[in-house]
Amino acid sequence: MSEKKSLNFIEEIVEEDIRNGKNGGKVFTRFPPEPNGYLHIGHAKSICLNFGLAQEYGGQTNLRFDDTNPVTEETEYVESIKADVKWLGFTWVNELYASDYFDVLYAFALNLIRQGLAYVDDSSPEEIASQKGTPTEPGTPNQYRSRSVEENVTLFTEMHDGKYPDGAKVLRAKVDLTSPNMQMRDPLMYRIKHAAHHRTGDKWCIYPMYDFAHGQSDSIENITHSVCTLEFIPHRELYNWFIEKLEIFPSQQYEFARLNITYTVMSKRKMLQLVNQNFVSGWNDPRMPTISGLRRRGYTAASIREFCDRIGIAKRENLIDFSLLEFCIREELNKTAWRRMAVLDPVKVVITNYPEGQQETLHGENNPEAEGGDGGRDLPFSREVYIEREDFMEQAPKKFFRLGPGLMVRLKNAYIVKCEDFVKDEAGKITEIHCSYFPESKSGQDTSGINVKGTIHWVSVPHAKTAEIRLYDRLFTEEDMGNAEGDFEDFINPNSLTTVTAFIEPDLAQAENGQNFQFIRKGYFTVDQDSSVEKLIFNRTVTLKDTWAKEVQKS
RNA sequence: UGCCCGAUAGUAUAAAGGUAGUACGACGGUUUUUGGUACCGUUUGUCUAGGUUCGAAUCCUGGUCGGGCAACCA
């Protein structure tokens with residue numbers, strides 16, 4: 001019984017090519033980030049696609065930095081990108097840079113000049129723009145378009161030699177100023193920038209444009225399937241034109257729709273703005289949709305890969321529910337994360353019939369989803385415990401299965417308690433709850449015969465440790481940030497980060513950086529990179545599904 | 001008013017001329033020492049008008065709607 005997995009349209013193309021023996025059946029892909037920012041979850045989609053294709057069809061994938069613009073690119077970004085790709089679980093065959101090919105590209109440019117297919121233009125950016133026409137009107141040639149091959153060679157060589165200041169001249173391809181495709185109206189190939197490059201230093205003062213670097217780099221690397229996003233569709237004609245005129249390996253470009261997710265932005269430009277204007281603490285702020293931000297938030301590589309697998313690959317524009325990402329991380333962490341107890345908004349419970357000064361050690365399993373509970377830990381219990389303030393109601397509605405006057409609940413892994421009394425301050429705030437407990441209801445050896453509907457979490461007062469807990473919510477208030485009118489900063493959620501000090505069970509003092517936990521009934525949390533023995537810090541990755549909260553909202 | 005790309009439940013994504021399916025969400029239920037998990041069930045869809053065909057989400061034509069293209073960015 002072979003249930004055939006349905007293929008996305010790119011896999012179909014690849015399989016078709018393999019069937020036809022194209023490129024000897026080889027599949028070479030590349031992931032080509034520009035090192036001008038950190039990778040985000042949209043890149044993860046591309047990474048999973050490109051590396052996944054190669055894995056699936058016995059090929060290989062290069063990591064190639066598209067570093068043709070020295071003024072925006074930095075080594076810091078190179079390093080973060082490599083770390084993120086590795087962390088996602090992918091291995092590249094070659095670490096390459098478009099800047100590795102600057103000499104070759106320069107020779108390609110001279111080749112085209114000698115064929116009469118490129119010329120040096122002295123016009124200003126404004127002049128070039130106006131001479132390009134508009135989408136509905138053809139462009140018009142200028143005087144420089146008819147320069148001789150010799151003159152072009154001389155001028156371009158002089159550009160290369162640093163004879164001209166920034167912006168004085170550009171090299172353009174001589175294609176077709178009347179083309180209905182604006183990209184074909186004599187696109188720029190090289191511009192002058194007297195700027196130091198993160199890898200080539202001061203060697204160059206002219207740098208190739210994307211269009212004269214990307215396809216050629218693909219070709220040099222024998223990339224068979226060059227996969228990019230939709231906005232490059234109009235560039236494909238030019239991509240093919242350069243390859244044809246240079247008579248080099250015919251890489252082919254295919255385009256898919258980029259990822260968008262509700263309540264967040266997916267552009268490096270906007271993310272950089274969030275960082276620079278201190279709306280977040282950095283590229284790896286746990287609210288950021290960056291790989292490093294998600295990692296710090298507690299998302300695992302596997303959950304991100306699962307997400308990328310579920311969203312699919314197609315050409316139509318899309319806006320994915322954030323809840324799908326949340327589903328993916330909950331699904332994994334439910335199976336793997338150890339359970340612990342933490343009280344985020346505490347109120348004290350005194351168990352009046354529990355002998356003063358007495359304490360005992362109870363046991364809780366690490367994960368009820370795992371066979372044998374995946375081990376367990378000791379839980380100290382005493383006469384006074386903290387419980388969640390919201391787990392007590394003075395006037396409890398019918399279906400409130402927690403604590404209230406006369407109501408009974410089980411303390412998780414401990415005893416059943418019954419609320420006998422409570423204390424309020426002048427402001428009407430509950431300061432203390434008095435309960436009695438049933439000694440024969442001890443967890444695991446309950447002979448009390450009492451049935452309770454609710455179980456709540458708790459932490460023993462004398463044994464409790466404290467921790468800072470960072471509660472994250474969506475960064476933006478608007479669902480579709482891609483189509484939100486106006487300044488995106490106006491949609492920033494002022495409550496995207498709330499910090500509380502919580503009481504946590506003592507075992508959590510041993511938690512290690514990056515370790516994931518489920519705080520029972522509260523959600524999944526991970527140890528933040530800033531956490532220390534002196535000051536424990538946890539980030540909330542995601543809440544648990546909360547059907548009670550919905551119930552409350554309805555009424 | 002040029003050229004290009006797209007349109008299937010709320011959101012994504014399948015169905016390669018032959019029963020419109022899956023996931024997430026939503027809603028309801030069972031189980032439960034997490035109001036979690038698991039399990040069961042319900043709901044909602046082919047942009048439109050023609051054409052080809054025994055038969056169209058699929059092929060053809062027109063329209064509508066959405067997106068992209070005129071950076072010395074990628």
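Since the model is a prediction, treat every value here as computed from it, not as a measurement. Throughout, protein chains are lettered first and strands after them, A, B, ... in sequence-line order, and every chain is numbered starting at 1.
Side-chain proximity of A:F400 to the nucleotides B:G35, B:A7, B:G2 is greatest for B:G35. Candidate nucleotides B:U34, B:A70, B:A7 were compared by shortest atom distance to the side chain of A:R316, and B:A7 ranks first. Here the side chain of A:K545 is nearest to one of B:A74, B:C69, B:U37, namely B:U37. Comparing B:A15, B:C24, B:A70 by their nearest atom to the side chain of A:S323 picks out B:C24. Nearest nucleotide to the side chain of A:E369, out of B:G25, B:U37, B:A74: B:U37. Of all nucleotides listed (B:U34, B:C72, B:G67), B:G67 comes nearest to the side chain of A:N483. Candidate nucleotides B:G35, B:G36, B:C73 were compared by shortest atom distance to the side chain of A:N334, and B:G36 ranks first.
Evaluation of atom-type donor-acceptor distances gives a pair under 3.5 Å for the side chain of A:R410 against the base of B:U33. With hydrogens and angles ignored, no donor-acceptor pair under 3.5 angstrom links the side chain of A:R310 to the base of B:U13. With hydrogens and angles ignored, a donor-acceptor pair under 3.5 angstrom links the side chain of A:R402 to the base of B:G35. Contact annotation: side chain of A:T455 to base of B:U34, donor-acceptor pair absent below 3.5 Å.
Distances shown here put a side-chain N or O of A:R521 below 4.0 Å from the OP1 or OP2 atom of B:G35. Taking only side-chain nitrogens and oxygens, A:K550 comes nearer than 4.0 Å to OP1 or OP2 of B:A26. Proximity of A:T547 to the phosphate of B:G36: a side-chain N or O atom is located under 4.0 Å from OP1 or OP2. Phosphate contact (OP1/OP2 of B:A74, side-chain N/O of A:R191, threshold under 4.0 Å): present.
Residue A:K268 is out of contact with every strand shown, counting any heavy-atom pair closer than 4.0 Å. A:D166 comes within 4.0 angstrom of nothing in the nucleic acid, heavy atoms only. If you check every strand for non-hydrogen atoms under 4.0 Å, A:L188 touches a base. Contacts of A:I313 with the nucleic acid, taken as non-hydrogen atoms under 4.0 Å apart, involve only primed sugar atoms and P, OP1 or OP2. A:T543 comes within 4.0 angstrom of no nucleic acid atom, judged by non-hydrogen atoms across all strands. Looking at heavy-atom distances under 4.0 Å, A:H235 makes contact with a base.
With a 3.5 Å ceiling on both atom-pair distances, the Watson-Crick or G-U wobble partner of B:C69 is B:G2. Pairing for B:C59 is with B:G51, a Watson-Crick or G-U wobble pair whose two hydrogen-bonding atom distances lie under 3.5 Å. The partner of B:A12 is B:U22, judged by Watson-Crick or G-U wobble contacts that both fall below 3.5 Å.
Rounding to whole angstrom units, CG of residue A:D309 and C1' of B:A12 are separated by 13 Å. Between the C1' atom of B:C72 and the OH atom of A:Y144 lies a distance of 15 Å, rounded to the nearest Å. One interatomic measurement links the two molecules: OH of A:Y207 to C1' of B:C73, which rounds to 15 Å at whole-angstrom precision. Atom CD1 in A:I311 sits roughly 15 Å away from atom P in B:C24 (whole-Å rounding). Rounded to whole Å, atom C1' of B:G67 lies 13 Å from atom NZ of A:K315. We find that CD of A:Q183 is positioned 14 Å from P of B:C4, with the value rounded to whole Å. Atom NZ of A:K522 is separated from atom P of B:U37 by 15 Å (rounded to the nearest Å). A straight line from NE2 of A:H363 to P of B:U33 spans 18 Å, rounded to a whole angstrom.
A donor atom on one side chain and an acceptor atom on the other are found under 3.5 Å apart for A:Y239 and A:D218. With no hydrogens or angles considered, a side-chain donor-acceptor pair links A:H198 and A:D67 at under 3.5 Å. A side-chain donor from one of A:H214 and A:D66 sits under 3.5 Å from a side-chain acceptor of the other. There is no side-chain donor-acceptor pair under 3.5 Å between A:Q216 and A:Y101.
Take the nearest nucleotide of RNA chain B for A:S124 and for A:N367: the residue whose nucleotide is more 5' is A:N367. Remark on RNA chain B: of its neighbouring residues A:D546 and A:E16, the 5'-side contact belongs to A:E16, judged by nearest-heavy-atom nucleotide.
Spacing between B:U44 and B:U22 at atom P, rounded to whole Å, works out to 14 Å.
Taking the six-membered ring where the residue is Trp, the centroids of A:Y524 and A:F519 are separated by 6.0 Å or more.
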**Request:** Carefully, step by step, assess A:D321 and A:T262 under the rule side-chain hydrogen bond (donor to acceptor under 3.5 Å, both in side chains).
**Result:** CA-CA 5 Å; A:D321 275 342; A:T262 54; 4.6 Å; no
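Ring stacking holds between A:W548 and B:G35, with the centres under 5.5 Å apart and the planes within 30 degrees of each other.
Classification of A:K545 and A:E326 as a salt-bridged pair fails, no side-chain N sitting under 4.0 Å from a carboxylate O.
To the nearest 0.5 Å, atoms NE2 (A:H457) and CD1 (A:I387) are separated by 8.5 Å.
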